[in-house]
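Only one structure is covered here, and it is reproduced in the block below.
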Amino acid sequence: MKASNDARAYGGVARFFHWTVALLILAAIGLGLYGANLPSGSQDQLQAIFATFSVHKTVGVAVLFLAVLRILWTLTQTKPKPLHPHRRAETFLAEIVHWGMWIGMVIMPLTGWLLHSAAPGGFSRILWPFGQRLPIVPEDAHLAERFAAFHETGWWVLAGLIVLHVAGAIKHTVIDRDGTLNRMAGPAHKAPEPPHAEHRTIMHVLAAVAGLAIWGATALLAAPEPAPAAQAPAASQQTAAAPADAAPAQAAGWAVQQGTLGIEVVQGGNPVQGQFANWTAQIDYDPATQAGKVNVDIDIASLALGSVSSSATGPDFLNAPAHPKASFVADILPPAQGGQHIAKGQLTIAGKTVDAELPFDLTLNGDDATAKGVMQVDRRDFGIGAGYADESTVGFTVAISFDLTARKQ
Ligand code: HEM
Ligand code: HEM
């Protein structure tokens, strides 16, 4: 078998790439869907999800490398000529689908890897000894969500293109009986001789543009609603709307400009960080007395925690459907020794309220403030993860941290 393509048939290398990448893509789709639909009730079930996604990611990364090599190889190759150049629409459609698949075989694993890299924490690992995260990509729950949205919509598009492509191959084999499949699969000598046809560059360019447009439309479709703008605008609206008498005499409202609210849990012995995308904070603080009040509302379902966000917010843990909100209502106390302010009040999670103290550092710069702090809570106080009575899967201590900037209103 010849390694290179000619005008009649694909060579050995192109065939190897075509069938390996095809098989691995189908495996990745199967594993992704299987993993996404596994139950996550027990410890064993969680482990099964991690294991499935580890294989999914590893297969996907293999697709990425093979697809890049395949593209580089294809660029050096002659393309077998269309067998029915006079069937313009059909040839054009096949070419659009090929372009869509060329882009899809890179963009799908890439967005998977980007989502894996941006996800705070990251539970199931790519099964290889090299790095896990792509360089430059910041750990950012919002970014991870956006890549995840693309990845979750994109596979439908890729699968749709594959269905069209396979339908085309079947049609050529069963209806046309024209040997198209032989060019890619069968013995090369059985490949038919393609007729001569004029070369219409414009059609190739249009097919490429259409292929790109398919993925551009996918990106638009997967784009989130215009900025729920996590904390900042929502927080400032709430603060501005706070009734004046809710604040102590001299205290002024402070609007959160930007910030993060995160948790860290120890999962299987490894610390894993997650972030809430949606939360609001009403802050009243008087720099003169260094005291005030704070009222934080947290949308539990907005937690991104590696690939187990849904089980973390599911019935065994935070149980977002039953308790969609957590809150922290506290008085801000002036700094004691050590120079840290303390927010002392009630923390409500999963419907249970406990007394909590959150020490934090506050730096004032005119009307701007930067604050950050961490408190440790015990998940058992809130009845969270009651089915996980020891710490082998999920540790008892959970660190809740925030880091924000606010401006005096
Ligand atoms: C599993 C069933 C599949 C069958 C039966 C099949 C069949 C074929 C055939 C017969 C060709 C040659 C078309 C021609 O000569 O004009 C071809 C080309 C191609 N296939 Fe598939 N294919 C399959 C799956 C896939 C998958 C999953 C992908 C990737 C997403 C893929 C991507 C491509 C691409 C990009 C080409 C164009 C190759 C080139 O021009 O270098 N195929 N396929
Ligand atoms: C050929 C490449 C790939 C295909 C076709 C693919 C396909 C899929 C599919 C079908 C799902 C399930 C989507 C759903 O539940 O709606 C999924 C989920 C996922 N994939 Fe991939 N994937 C690929 C590569 C990768 C790679 C390389 C990584 C990471 C390194 C990755 C990470 C993930 C993650 C983390 C999820 C779960 C997403 C979530 O929970 O939102 N994928 N993928």
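All figures in this text were calculated on a predicted structure; none of them were measured in a lab.
For K2, the NZ atom is densely surrounded, since the number of other residues' heavy atoms within 6.0 Å is greater than 12. The local environment of NE2 in H86 is crowded, with over 12 non-hydrogen atoms from other residues, nucleotides or ligands closer than 6.0 Å. Residue-environment remark: CH2 (W156) stays at or below the threshold of 12 foreign heavy atoms within 6.0 Å. Environment of NZ in K344: sparse, with no more than 12 heavy atoms of neighbouring residues, nucleotides or ligands closer than 6.0 Å. Within a 6.0 Å sphere centred on CG of D390, heavy atoms belonging to other residues, nucleotides or ligands number more than 12. For CZ of F17, the number of neighbouring non-hydrogen atoms (other residues, nucleotides, ligands) closer than 6.0 Å is greater than 12. Within 6.0 Å of atom CH2 in W113, more than 12 heavy atoms from other residues, nucleotides or ligands are found, so the atom counts as buried in its surroundings.
Remark: R15 fails to qualify as a cation-pi partner of Y10 under the 6.0 Å distance and 45° angle criteria applied to the six-membered ring.
Between L318 and H323, every side-chain heavy-atom pair lies at or beyond the 4.5 Å cut-off. Side-chain atoms of W73 and L69, non-hydrogen and from C-beta on, never get closer than 4.5 Å to each other. W279 places none of its side-chain heavy atoms less than 4.5 Å from the side chain of D297. In this structure the side chain of T173 never reaches within 4.5 angstrom of the side chain of N182, judged on heavy atoms. Using a 4.5 Å cut-off on side-chain heavy atoms (C-beta onward), S401 and E264 make no contact. Side-chain contact between I25 and M105 is present, with at least one heavy-atom pair separated by less than 4.5 Å. Considering only heavy atoms from C-beta on, T74 comes within 4.5 Å of W102 through its side chain. Side-chain contact check for L115 versus T111: every heavy-atom pair is 4.5 Å or farther apart.
Side-chain N or O atoms of W215 include none that pairs as donor or acceptor with a backbone N or O of I107 at under 3.5 Å. Looking at W128, its side chain never comes within 3.5 Å of a backbone N or O of V61 through a donor-acceptor pair. Of the possible polar contacts, one joining the D378 side chain to the R380 backbone as a donor-acceptor pair under 3.5 Å is found. Between the side chain of H56 and the backbone N or O of L31, no donor-acceptor pair lies under 3.5 Å. Of the possible donor and acceptor atoms, one in the side chain of N5 sits under 3.5 Å from a partner among the backbone N and O of G11. In this structure, the side chain of R133 engages the main chain of S117 through a donor-acceptor pair within 3.5 Å. Checked by atom type and distance alone, the side chain of R379 never pairs as donor or acceptor with a backbone atom of A386 at under 3.5 Å. Remark: side-chain polar atoms of Q132 are paired, donor with acceptor, to backbone N or O of I126 under 3.5 angstrom. For S302 (side chain) and N278 (main-chain N/O), a donor-acceptor pair under 3.5 Å exists by modelled atom type.
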List the steps, then state whether side-chain contact (heavy atoms from CB on, under 4.5 Å) holds for Y388 with D316. CA-CA 9 Å; Y388 298 77; D316 270 8; 3.7 Å; yes
Given L64 and V106, is the side-chain contact (heavy atoms from CB on, under 4.5 Å) satisfied, shown in steps? CA-CA 6 Å; L64 181 59; V106 172; 4.1 Å; yes
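Taking the ring centroids of F53 and H116, they lie at or beyond the 6.0 Å cut-off.
A salt bridge links D176 to R87: at least one charged side-chain nitrogen sits closer than 4.0 Å to a carboxylate oxygen. Here E198 pairs with R88 in a salt bridge; the nearest charged N to carboxylate O distance falls below 4.0 Å. Between D381 and K352 there is no salt bridge, since no side-chain N of the basic residue sits under 4.0 Å from a carboxylate O of the acidic one. With respect to the salt-bridge test (charged N to carboxylate O, under 4.0 angstrom), the residues D6 and R8 do not qualify.
Checking H84 against E90 by side-chain atom types alone, no donor-acceptor pair falls below 3.5 Å. In this model, a donor atom of one side chain and an acceptor atom of the other lie less than 3.5 Å apart for H341 and Y285. The closest side-chain donor-acceptor pair between S54 and S124, if any, does not fall under 3.5 angstrom.
The two residues F360 and G373 make their nearest non-hydrogen contact at CB-CA, 3.8 Å. Across L83 and G179, no two heavy atoms sit closer than the pair CD1-C, 4.5 Å. The heavy-atom pair separating D178 from P192 by the smallest distance is O-CG, 3.0 Å. Heavy-atom minimum distance, Q409 versus A255: NE2-CB, 3.1 Å. Here the shortest heavy-atom pairing between A27 and V59 reads CB-CG1, 4.3 Å. Residues A343 and F328 come closest through the heavy atom pair O-CZ, 3.6 Å.
Screening residues 362-372 for salt bridge (charged side-chain N to carboxylate O under 4.0 Å, His left out) gives D368-R407 as the qualifying pairs, with residues at least two apart or on separate chains.
Taking the six-membered ring for Trp and thresholds of 30 and 60 degrees, H98 and H165 have ring planes more than 60 degrees apart, a perpendicular arrangement.
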